[in-house]
Q: 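Got a structure for you, written out below as structure tokens; questions coming shortly.
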Number of protein chains: 2
Amino acid sequence: MNESFKALSDPTRRAIIKLLRDKDRTAGEIAEHFQMTKPSISHHLNALKAAKLILDERQGQNIMYSLNTTVVQEVMGWFMDIIKKGEDET
Amino acid sequence: MNESFKALSDPTRRAIIKLLRDKDRTAGEIAEHFQMTKPSISHHLNALKAAKLILDERQGQNIMYSLNTTVVQEVMGWFMDIIKKGEDET
DNA sequence: TAAACATTTAGATAATTATCTAAATATCTA
DNA sequence: TAGATATTTAGATAATTATCTAAATGTTTA
């Protein structure tokens, strides 16, 4: 969970997640959306991968990245937990 | 929003939020829960305050901190947005 | 008003991280 | 198999951040 929060603390990485929300994309396609070198994007992809927020699969020359919605939901659960407590105080 | 995510990337700060979920607490009460100096906790409280995730109000000698659930919900909304997209793809 | 208490601010240091360039790895195609 | 393409890894550097001690600020009470 800590890895996830750390991964999400960077705006570039959150933007990558939003890109992957729509459809799976290769590392190159992802990199195109940013004014940053490919190695830097690769570094960010690694952080997201370490947190299991995204999944990678090689497809020929490309590596296709996809969103791991399960883990996104897990993190969202942390927030739900914060919000919901207090409800049962009635 | 970036401030919020940055603030949430630290485990101490997330623990502080969980403490405030149950009830409002003074800076001293919060500090008691951690093996860390009060200035360090103050630094973390500042980060949370900068993100508007918590609110502070002086009460005599103490400063009482409380959770700003509105902002917590806003951040949770970011996750909802990630998850919900794809639903309307049917 | 002086002493005590609660908290923050300032300044220093060590650790982490974001980014770059250069080089390595993996795959495809001619 | 050689060259082209896609991506990552390595190594360096600059910026950010977490933490500490010491000092300052604000409040209460005797």
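These figures come from a predicted structure and were not determined experimentally. Chain identifiers are assigned alphabetically (A, B, ...) following the order of the sequence lines, protein sequences preceding nucleic acid strands; residue numbering begins at 1 within each chain.
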Q: Could you list all the side-chain hydrogen bond (donor to acceptor under 3.5 Å, both in side chains) pairs where at least one residue sits in residues 55-77 of chain B, not counting sequence neighbours?
A: B:K49-B:D56

Q: Are B:Y65 and C:dT8 close enough that a side-chain N or O sits under 4.0 Å from OP1 or OP2?
A: yes

Q: Shoot me the first and last contacting nucleotide of DNA chain D against chain B, ordered 5' to 3', at under 4.0 angstrom to non-hydrogen atoms.
A: D:dT17 to D:dT28

Q: If I take atom NE2 from residue A:H44 and atom CD1 from residue A:I16, how far apart are they, to the nearest 0.5 angstrom?
A: 6.5 Å

Q: Give the residues of residues 23-37 of chain A touching DNA chain C, defined as any heavy atom closer than 4.0 Å, sorted by residue number.
A: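 By residue number: A:M36, A:T37.
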
Q: Could you work out, with side-chain hydrogen bond (donor to acceptor under 3.5 Å, both in side chains) as the rule, every residue matching B:K18, not counting sequence neighbours?
A: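 Applying side-chain hydrogen bond (donor to acceptor under 3.5 Å, both in side chains) to B:K18 gives A:D81.
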
Q: Students often mix this up, so state it plainly: with edges at 30° and 60°, are the rings of A:F79 and A:F5 parallel, tilted or perpendicular?
A: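 Tilted, since the angle between the ring planes falls between 30° and 60°.
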
Q: With nearest nucleotides of DNA chain C determined for A:K38 and B:S40 from heavy-atom distances, which residue corresponds to the more 5′ nucleotide?
A: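 Going by which nucleotide is closer to the 5' end, it is B:S40.
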
Q: side-chain hydrogen bond (donor to acceptor under 3.5 Å, both in side chains) with A:K23: which residues, sequence neighbours excluded?
A: none

Q: Mark up nucleotides 23-30 of chain C, 5' to 3', with B wherever a protein heavy atom is under 4.0 angstrom from a base atom, S wherever such an atom reaches only the sugar-phosphate, and - elsewhere.
A: ---SBS--

Q: Taking only residues two or more places apart in sequence, or in another chain, which ones meet B:N2 in a side-chain hydrogen bond (donor to acceptor under 3.5 Å, both in side chains)?
A: A:R14

Q: Contact list please: residues 3-16 of chain A against DNA chain C, heavy atoms, distance less than 4.0 Å, in numerical order.
A: A:K6, A:D10, A:R13

Q: Over all strands shown, is A:H44 touching base, sugar-phosphate only, or nothing at heavy-atom distances under 4.0 angstrom?
A: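 Sugar-phosphate only.
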
Q: Run the side-chain contact (heavy atoms from CB on, under 4.5 Å) test against B:S9 and tell me which residues pass, sequence neighbours left out.
A: A:S9, B:R13

Q: Return the CG to CD1 distance between A:L45 and A:I54, rounded to the nearest 0.5 Å.
A: 5.0 Å

Q: Which pairs pass side-chain hydrogen bond (donor to acceptor under 3.5 Å, both in side chains) with one or both residues in residues 32-43 of chain A, sequence neighbours excluded?
A: A:T37-A:S40

Q: Name all pairs fulfilling the salt bridge (charged side-chain N to carboxylate O under 4.0 Å, His left out) condition that reach into residues 1-11 of chain B, sequence neighbours left out, sorted by first residue then second.
A: B:E3-B:K6

Q: Among all residues two or more places apart in sequence or in another chain, which pass the side-chain hydrogen bond (donor to acceptor under 3.5 Å, both in side chains) test with B:R25?
A: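 For B:R25, no residue satisfies side-chain hydrogen bond (donor to acceptor under 3.5 Å, both in side chains) once neighbours in sequence are set aside.
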
Q: For B:N62 and C:dT7, give me the distance from atom CG to atom P, rounded to whole Å.
A: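 My rounded result for the distance is 5 Å.
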
Q: Look up atom CG in B:L48 and atom CG in B:L20, then write down how far apart they are to the nearest 0.5 Å.
A: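 It is 8.0 Å, given to the nearest 0.5 Å.
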
Q: Rounded to the nearest 0.5 Å, what separation is found between the CG atom of A:L8 and the CG atom of A:L53?
A: 5.0 Å

